[in-house]
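For reference, the structure discussed in these notes is given below.
Order of listing sets the numbers, starting from 1, for every ligand and every atom in it. This is a predicted model, so every value here is computed, not measured.
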Amino acid sequence: MIVDSVIVNAKAYLEGQIVNCCIALEEGKITKIGKETNMPQADEKTDLHNLLVLPGLIDEHVHLRDEGRAYKEDFASGTAASAAGGFTTVLDMPNNDPVTMSATTLQKRMDVASRRIIVNVGFYSEFPKTIPEISDIVEAGAVGFKFFMGTQVGGENVDDDEAIKEAVKEVAKLKAPLSVHAEDRAMLAVNEGKLKQAKKNSLTEFLRAHTENVEVNAIKRLLEASEGTDARLHFCHVTSKGALDTIAQAKKSEQKVSCEVTPNHLLLTSDDVARIGSMAIMAPPLRDRTHLDALWKGIGNGVIDTVGSDHAPHTLEEKNASSIWDVKVGVPGLETTLPLMMTLVRQKRLCIDQVVNLLAEKPAEIFGLTDRGRLGQGKNADLTVVDYNSQFKIDPSKFKSKAKFSPYNGWEVYGKPAKTIVNGQMVFSDGEIVAKGGVGLVVRRDEA
Ligand SMILES: [Zn+2]
């Protein structure tokens, strides 16, 4: 048998160990892992010269934009950024133009994406306008639902707990995961109203509006709304001690609860906002050191399940708006997350098992992507190759993303993404995108 390709001289992360091995790839799958003498003949051979091979990383929290917001990012630039950052599968958020919140808008998005993507992409939907549409959306292949509680994005009234309960019940019945942006819209509006009236427009006021209580209250409301259902709740970008305490408590109950943290909230605090400026504005916001310490504790004791980049591209003009209330929230993260995490490994603040668990194994498990997230015979041939020893400076002007800014501008980091292999095909190699759109697949919920 002659396979498509064989990778030689890899240091691969296999079930908790780093093993010197070769990997055979055929029709998008890993067909063999072993010694070179045991490898089948191949059309192509790639020598990795002992670079580290991780299971293809999964970023469960990405805003690829496109359609009406293609000026910020599109499927080509967003998946190029994914490949360049070592991500082989990303999950796309629904706050688009138009909002992904029906089988029709979802299908349209999948169609537009399918010819342009170079990594695998799964799509979230927001809650639709009516409950029966939820099953249509699941049938159309959404990987899960995303519920924005801080602003009205989808079809369900974010202030109406009874309506939310009905939607959660239906999503639970269909066994679709529900990811949540937990900030309470009404509380935010009151806080913002007061600050605006007092003409408080500086960067620090943002934190005064997006308080810990705003986050905790939203989490509590959703936990209550999903009580007694079989809902699979995943709280996105948790940022506060109170949020983690509430989630830790819920994890002790019958409820299926998990949560995500972004690298931003593990590495930056509210003190950095003064230095970095509006490029560090995100929601929920950067908080003080007490909260950062609580998040690290959550990594250590396993209350935090995943790391998501929350890649949120905007134009520089949008980020530089003169009033804080007009600044678009979020920062790009696809091209900084892996090197930042590998740098933490080098600093011995994380171990490699945690990085693989947070960025591959757990997201695959939570979103039911059973053939992804681990290296092994029969698994998808999604591989992230890292040059563990190479040190470099983060330079946003070189990003493949359209959003050429970062709160990490100039940071010295270790662990350069060297090559990215998606469905058995090399898509990124030594700084260059080497594949055409369409190599990536649309990942559907029924893959599981
Ligand atoms: Zn987001």
Side-chain angles (χ1 to χ4, degrees), residues 58-69 72-75 78-79 81-82 85 87 89-97 99-101 109 121-127 142-154 158 177-185 188 206 210 214-215 218-219 222 233-240 243 258-268 278-287 295 304-315 318-319 327-337 358-359 363 366-367 401-403 405-407:
I58 300 169
D59 192 341
E60 72 206 55
H61 194 150
V62 170
H63 300 266
L64 288 177
R65 314 285 193 211
D66 210 304
E67 299 181 287
R69 299 212 172 120
K72 295 178 194 254
E73 192 81 292
D74 59 37
F75 289 125
T79 59
S82 310
F87 290 97
T89 301
V90 299
L91 305 186
D92 170 66
M93 288 297 177
N95 56 332
N96 303 304
D97 175 18
V99 176
T100 320
M101 56 184 277
R109 208 162 160 72
V121 181
F123 294 87
Y124 289 96
S125 171
E126 243 286 4
F127 284 148
V143 285
F145 288 82
K146 166 73 183 281
F147 183 36
F148 289 89
M149 296 180 78
T151 43
Q152 186 64 50
V153 176
V158 298
L178 177 59
S179 292
V180 185
H181 179 128
E183 286 191 294
D184 189 287
R185 191 211 64 82
L188 261 179
F206 187 78
H210 293 253
V214 165
E215 186 177 29
I219 292 173
L222 202 71
L233 300 182
H234 186 59
F235 290 100
C236 298
H237 47 44
V238 293
T239 62
S240 65
S258 53
C259 69
E260 166 203 86
V261 69
T262 76
N264 311 323
H265 298 98
L266 287 175
L267 291 164
L268 304 169
S278 59
M279 299 303 158
I281 292 295
M282 58 195 75
L286 297 173
R287 301 193 193 277
L295 294 175
I304 291 173
D305 298 273
T306 64
V307 165
S309 77
D310 192 4
H311 179 77
H314 297 292
T315 65
E318 288 170 332
K319 288 302 285 184
V327 172
K328 294 285 180 196
V329 298
V331 301
L334 280 166
E335 291 165 87
T336 50
T337 296
L358 293 161
L359 285 172
I366 291 167
F367 293 94
S401 168
K402 287 185 184 179
F405 64 90
S406 169

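Applying the ring-ring contact (aromatic ring centres under 6.0 Å, His included) test to F235 and every residue at least two apart in sequence or in another chain returns nothing.
If you take CZ on F206 and CE on M282, they are separated by 9.0 Å, rounding to the nearest 0.5 Å.
Counting only distance, with no hydrogens or angles, the side chain of D184 and the backbone of A218 share no donor-acceptor pair below 3.5 Å. Side chain of D59 to main chain of S309: a donor-acceptor pair is present (N/O by atom type, distance under 3.5 Å, no hydrogens or angles). Under a 3.5 Å cut-off, the side chain of E73 and the backbone N or O of K402 do form a donor-acceptor pair.
For the Zn ion (ligand 1), the neighbouring protein N/O/S atoms at less than 2.8 Å, given as residue and atom, are H61 NE2, H63 NE2, D310 OD1.
For the side chain to side chain donor-acceptor pair (under 3.5 Å) test with E260, the passing option among H265, H234, H237, H61 is H61; the others fail.
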